[in-house]
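Structure record follows, encoded as structure tokens.
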Amino acid sequence: MRTQVCIIGGGPSGVLLSQLLHQAGIDSVVLERRPREHVLARIRAGVLEWGTVEMLRKAGAGARMDAEGFIHAGTYLSAQNRGFRIDFEGLTGKRVMVYGQTEVTRDLYDVREKSGGAIIDRAEGVQPHGLDTEAPFVTYVRDGETQRVDCDFVAGCDGFHGISRQSIPDSVLRTYEKVYPFGWLGVLSETPPAHEELIYANHERGFALCSMRNKMLSRYYIQVPLDHKVEDWPDQAFWDELRRRIPADAAETLVTGPSIEKSIAPLRSFVAEPMRWGRLFLVGDAAHIVPPTGAKGLNLAVSDVHYLHEGLRAHYLDKDDEGIERYSERALARVWHSERFSWQMTTLLHRFPDQGAFGQKVQESELAYLEMSRAARTALAENYVGLPF
Ligand code: FAS
Ligand code: PHB
């Protein structure tokens, strides 16, 4: 088989890129190792920057988001059970959309299928070849048969554990990493959200987050030690701990119910540079990971897609290679702003094992400064709603 762009990974970045390339008349094939139903069942992000909203609409995947998503003009932060609001709209003129990544991925698959896209799932042993030549190709095995895709470019949209980043020689690749000494225990419950906006809670017992998916589907997280397992947290223990950490008024009205999903995710900050080697471009989690405290992971994947799609479009339609030559530089500039913000929010809101009483007081002072200073709230708000592409 021959195509112009071979995309490894059928998550949100891979399918969004394929759809945008299609709209520009550029041919692509998506190779996804998991069965489609597995990909479409993943529960991950919940908050979309407005740039992401506009990209999904541009790709033709925004109708259900506009009908079912929640537009939020602000969020709450709290320290020791007392909350205050960050007014995104008043401070920046911008808002965010709360709409689950599960739905985003489903909408992208739907629009890509409708536009005749080739998303090949259960593609095993995907292996790029000749990335530093003029004629790269990708091999994979499906139903026991080895296949080959000849292409002009390879987009590595295959996430943190994918094959693409590993295909860049160690002599070229530079990585930067910070692993946090705790994880997030997440629960999904068919209950009304604790509040009409999100609540990010700092508490001496640890971080908590109240989020949502719709009027009867809530998403909650509490910080837990790295050695905890899901079975250490029966539902009642989770609800009791969440109530201890969030603002008193939200704790009083919290509606609890059985968890329909419960999982623990580790937290790390990670960046791989460069995001391009020869004919390979790294996109999304294949190149970078952020702790979810800043709601940036999915949104960064989308901004990478923006830069790469623009670069490939100029290459094929205008014979202009500046976009692909500067892809890594442009994408990384925005990646590092989000890495910094996600690290800052994580450092501000979580209980670190070695921080001591002084560290807790400094966090509470920083939160008090945010509450009193419009300038401080504006800085947080403009990063949260998303810096320009
Ligand atoms: P993805 O990992 O989504 O997709 C990569 C795809 O490539 C997958 O479908 C995988 O099966 C496939 N693949 C991997 N290796 C392959 C190979 N060798 N061959 C073929 N295919 C291969 N972000 C937020 O903003 N907020 C959150 O709350 C949040 N929570 C998260 C919770 C968890 C448990 C995880 C893992 C991530 C979370 N994220 C969150 C980040 C997440 O949303 C990512 O940023 C987002 O999925 C990035 O999209 P992709 O880059 O497409 O990578
Ligand atoms: C979520 O709804 O899953 C969510 C929201 C905001 C975050 C992280 C996760 O910062």
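Here the structure is a predicted model, which is why all the values come from computation and not from measurement. Residue indices begin at 1 and follow the sequence shown. As the structure lists them, so they are numbered: ligands from 1, and atoms in each ligand from 1.
Residue Gln101 places no heavy atom under 4.0 Å from ligand 2. Look at Leu209 and you'll find a heavy atom under 4.0 Å from some atom of ligand 2. Arg42 counts as a contact of ligand 1, since one of its heavy atoms falls under 4.0 Å from the ligand. In this structure, Arg44 has a heavy atom closer than 4.0 Å to ligand 2.
Every atom of ligand 1 is numbered from 1 in the order shown, and the set under 4.0 Å from a heavy atom of Gly162 is 15 (N). Heavy-atom proximity to Val126, at under 4.0 Å, picks out these atoms of ligand 1: 19 (N), 20 (C). With ligand atoms numbered from 1 in the order given, ligand 2 contributes 3 (O) to contacts under 4.0 Å with heavy atoms of Arg219. Interface atoms of ligand 2 facing Thr293, defined by a heavy-atom separation under 4.0 Å, are 10 (O). Listed by number with element, the atoms of ligand 1 under 4.0 Å from a non-hydrogen atom of Cys157 are 5 (C), 6 (C), 7 (O). Atoms of ligand 1 lying under 4.0 Å from any heavy atom of Ile163, numbered from 1 in the order shown and given with element: 18 (N). Atoms of ligand 1 found under 4.0 Å from any heavy atom of Ile8 (numbered from 1 in listed order, with element): 19 (N), 20 (C). Listed by number with element, the atoms of ligand 2 under 4.0 Å from a non-hydrogen atom of Leu198 are 5 (C), 6 (C). Near Val47, the atoms of ligand 2 lying under 4.0 angstrom from a non-hydrogen atom of the residue are 5 (C), 6 (C).
With Ser18 as reference, Arg112 is the one residue of His309, Arg112, Gln23 to meet the side chain to side chain contact (heavy atoms under 4.5 Å, CB included) rule. Partner of Ile119 under the side chain to side chain contact (heavy atoms under 4.5 Å, CB included) criterion, out of Leu31, Val39, Val30, Val29: Val30 alone.
Ring planes of His72 and Phe70: tilted class, angle from 30 to 60°.
Considering only non-hydrogen atoms, atom 3 (O) of ligand 1 lies nearest to Arg44 out of Arg34, Arg44, His38. Comparing Glu32, Lys296, His161 by heavy-atom distance to atom 6 (C) of ligand 1, the nearest is Glu32. The residue from Ser13, Gly284, Gly11 that puts a heavy atom closest to atom 50 (P) of ligand 1 is Ser13. Heavy-atom proximity to atom 13 (N) of ligand 1, evaluated over Asp304, Leu267, Asp158, Leu31, is greatest for Asp158.
Ring to ring, Tyr221 and Phe207 are not that close: their centroids are 6.0 angstrom or more apart. Ring centroids of His195 and Tyr76 are separated by less than 6.0 Å, placing the two rings close together. The distance between the ring centers of His288 and Phe160 does not fall below 6.0 angstrom.
Contact annotation: for Trp184 versus ligand 2, heavy atoms closer than 4.0 Å belong to the side chain alone. Using a 4.0 Å cut-off between heavy atoms, Ala295 contacts ligand 1 through its backbone alone, with no side-chain atom that close. When non-hydrogen atoms are compared, ligand 2 lies under 4.0 Å from the side chain of Ser211 (C-beta onward) but not from its backbone. Within the 4.0 Å heavy-atom criterion, neither part of Ser263 lies near ligand 1.
With a 6.0 Å cutoff to the six-membered ring centre and a 45° limit on the axis angle, Lys296 counts as a cation-pi contact of Tyr384. Taking the centre and axis of the six-membered ring of Phe88, the NZ or CZ atom of Arg95 falls outside the cone set by 45° and 6.0 Å. Stacking of Lys178 on the aromatic ring of Tyr176 is not recorded, the 6.0 Å distance cut-off and the 45° axial limit not both being met. By the 6.0 Å and 45° rule, Arg330 does not stack over the aromatic ring of Tyr307.
Scanning the protein for heavy atoms near atom 8 (C) of ligand 2, the closest one is Pro292 O, 3.3 Å. In this structure, atom 27 (C) of ligand 1 lies nearest to the protein heavy atom Ala45 CA, 3.4 Å. Nearest protein heavy-atom contact of atom 6 (C) of ligand 2 is Tyr200 OH, 3.3 Å. Among protein heavy atoms, the minimum distance from atom 3 (O) of ligand 2 is reached at Tyr221 OH, 2.6 Å. Among all protein heavy atoms, the one lying closest to atom 43 (O) of ligand 1 is Gln101 OE1, 2.4 Å. When only non-hydrogen protein atoms are considered, atom 21 (N) of ligand 1 lies nearest to Arg33 N, 3.2 Å.
When side chains are defined from C-beta on, Arg351 counts as touching Gln223, because their heavy atoms get closer than 4.5 Å. With a 4.5 Å cut-off on side-chain heavy atoms, Val5 and Phe281 do not count as touching. Side-chain contact check for Ile199 versus Leu209: every heavy-atom pair is 4.5 Å or farther apart.
Between the side chains of Gln4 and Ser28, not a single donor N or O lies within less than 3.5 Å of an accepting N or O. Side-chain contact check for Asp107 and Tyr99: at least one donor-acceptor pair (N or O, by modelled atom type) lies under 3.5 Å.
For ligand 1, the polar-atom distance check against Gly297 finds a nitrogen or oxygen pair separated by under 3.5 Å.
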